[in-house]
Amino acid sequence: MKWKTSISVHKNGELYIRGYKLTELIATKTFPEIIFLLLTGKMPEKPQAELLGAMLVAASEHGVEAPSTFVARTTASTGASFTAALAAGILTIGKHHGGAIEALAELLQSGKNAATIVAELSAKGERLPGYGHKVYKDADPRTTALFERAKALGLLGKYAALAGELGQELNKKSGKLLPLNIDGAFAVLLSELGIQARMGNGVFVLARLPGLIAHVGEELEREKPYRRLTDDEVEYDGPEVIDK
């Protein structure tokens with residue numbers, strides 16, 4: 001059985017991506033444009049490429065405190081390979097770290113209205129993904145900046161409106177402000193760009209990689225091996241220790 005792909009092909013000694021010759025893309029296109037082409041099968045219009053580029057910037061780095069970063073640095077400190085350290089950081093991206101992108105995008109792209117979505121989640125005892133943040137309590141500044149850029153580019157549409165309605169429904173139900181976080185912003189804007197929900201977490205990984213590469217490089221250059229917690233960073237709450 002043959003493998004089938006519509007993404008790329010070699011022909012007459014040249015690689016073609018979605019029908020475009022790679023050597024011509026190298027000369028004329030930006031990385032965000034190629035990402036959009038690969039993910040959607042279409043060459044983006046300029047505003048779409050600019051928005052995707054802004055999104056990649058927004059999630060490129062968020063401090064050593066982020067799980068993906070400190071896990072990557074800790075792994076690097078043990079003597080693991082550079083790529084293994086990056087992979088370790090990427091593996092932390094899940095339900096509670098970047099993972100809300102895919103979950104919210106699926107809801108936004110489901111065709112259901114805000115009240116139905118919130119009611120169905122509430123009935124199952126599940127939280128609305130993409131809202132609230134441990135650091136940013138009133139508003140996520142990255143979301144604000146991205147939405148301002150999307151509005152200026154004319155790309156803030158029905159999915160952003162639905163996200164706003166979801167926030168209002170959530171606030172009514174919870175009685176407190178839970179702002180759209182960066183994961184939620186990615187879910188909205190990827191939907192506005194016509195990118196499938198299932199690709200959301202992958203795009204977040206792509207955005208976060210430059211920061212992880214920088215941190216792993218810095219760890220190897222500046223720090224001594226290896227990272228471990230000290231006794232005063234751990235609180236023991238097990239059975240009483242019997243010291244004879």
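As the structure is a computational prediction, the values presented were derived from the model and not from experiment.
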For [X], which residues count as a salt bridge (charged side-chain N to carboxylate O under 4.0 Å, His left out) partner, sequence neighbours excluded?
{"X": "Lys112", "result": "Glu120"}
{"X": "Glu218", "result": "Arg73, Arg222"}
{"X": "Lys224", "result": "none"}

Tell me, which pairs form a side-chain hydrogen bond (donor to acceptor under 3.5 Å, both in side chains) where one or both residues lie in [range], sequence neighbours left out?
{"range": "residues 98-111", "answer": "Gln109-Ser191"}
{"range": "residues 26-37", "answer": "Thr30-Glu33"}
{"range": "residues 35-56", "answer": "none"}

Can you give me every donor-acceptor pair (side chain of residues 144-157, partner residue at least two apart or in another chain, under 3.5 Å) with its distance?
| unit_1 | atom_1 | unit_2 | atom_2 | d |
| --- | --- | --- | --- | --- |
| Thr144 | OG1 | Asp140 | O | 3.4 |

Decide whether Thr69 and His62 meet the rule of one side-chain donor and one side-chain acceptor closer than 3.5 Å.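 Their side chains do not contain a donor-acceptor pair, so the 3.5 Å distance test is not met.
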
Could you go through Arg227 and Glu219, starting from their C-alpha distance and side-chain angles, then the distance that decides it, and tell me whether this counts as salt bridge (Lys or Arg N to Asp or Glu O under 4.0 Å)? CA-CA 10 Å; Arg227 296 274 188 179; Glu219 183 70 28; 3.0 Å; yes

Side chain to side chain contact (heavy atoms under 4.5 Å, CB included) between Leu108 and Ile117, intermediate numbers included: CA-CA 9 Å; Leu108 293 172; Ile117 291 172; 5.9 Å; no

With sequence neighbours left out, write down each residue that passes side-chain contact (heavy atoms from CB on, under 4.5 Å) with Leu170, or none if nothing qualifies.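 Residues passing side-chain contact (heavy atoms from CB on, under 4.5 Å) with Leu170: Leu128, Tyr131, Leu178.
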
Check which hydrophobic residues are tied to Leu91 through side-chain heavy-atom contacts below 4.5 Å, counting indirect links as well, and list them. none

Looking only at heavy atoms, which two atoms of Ile17 and Leu37 are closest? And how far apart?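 Scanning both residues, the minimum pair turns out to be O-CD2, 4.0 Å.
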
Using the side-chain hydrogen bond (donor to acceptor under 3.5 Å, both in side chains) criterion, which residues pair with Asp232? Sequence neighbours excluded. Thr230

So, using side-chain hydrogen bond (donor to acceptor under 3.5 Å, both in side chains) as the criterion, who are the partners of Asn113 when residues are at least two apart?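 If we apply the side-chain hydrogen bond (donor to acceptor under 3.5 Å, both in side chains) test to Asn113, skipping adjacent residues, the hits are Thr116.
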
Donor-acceptor contacts, no H, no angles, side chain residues 1-11, under 3.5 Å, sequence neighbours left out:
| unit_1 | atom_1 | unit_2 | atom_2 | d |
| --- | --- | --- | --- | --- |
| Thr5 | OG1 | Ile7 | N | 3.1 |
| Ser6 | OG | Arg18 | NH1 | 3.3 |

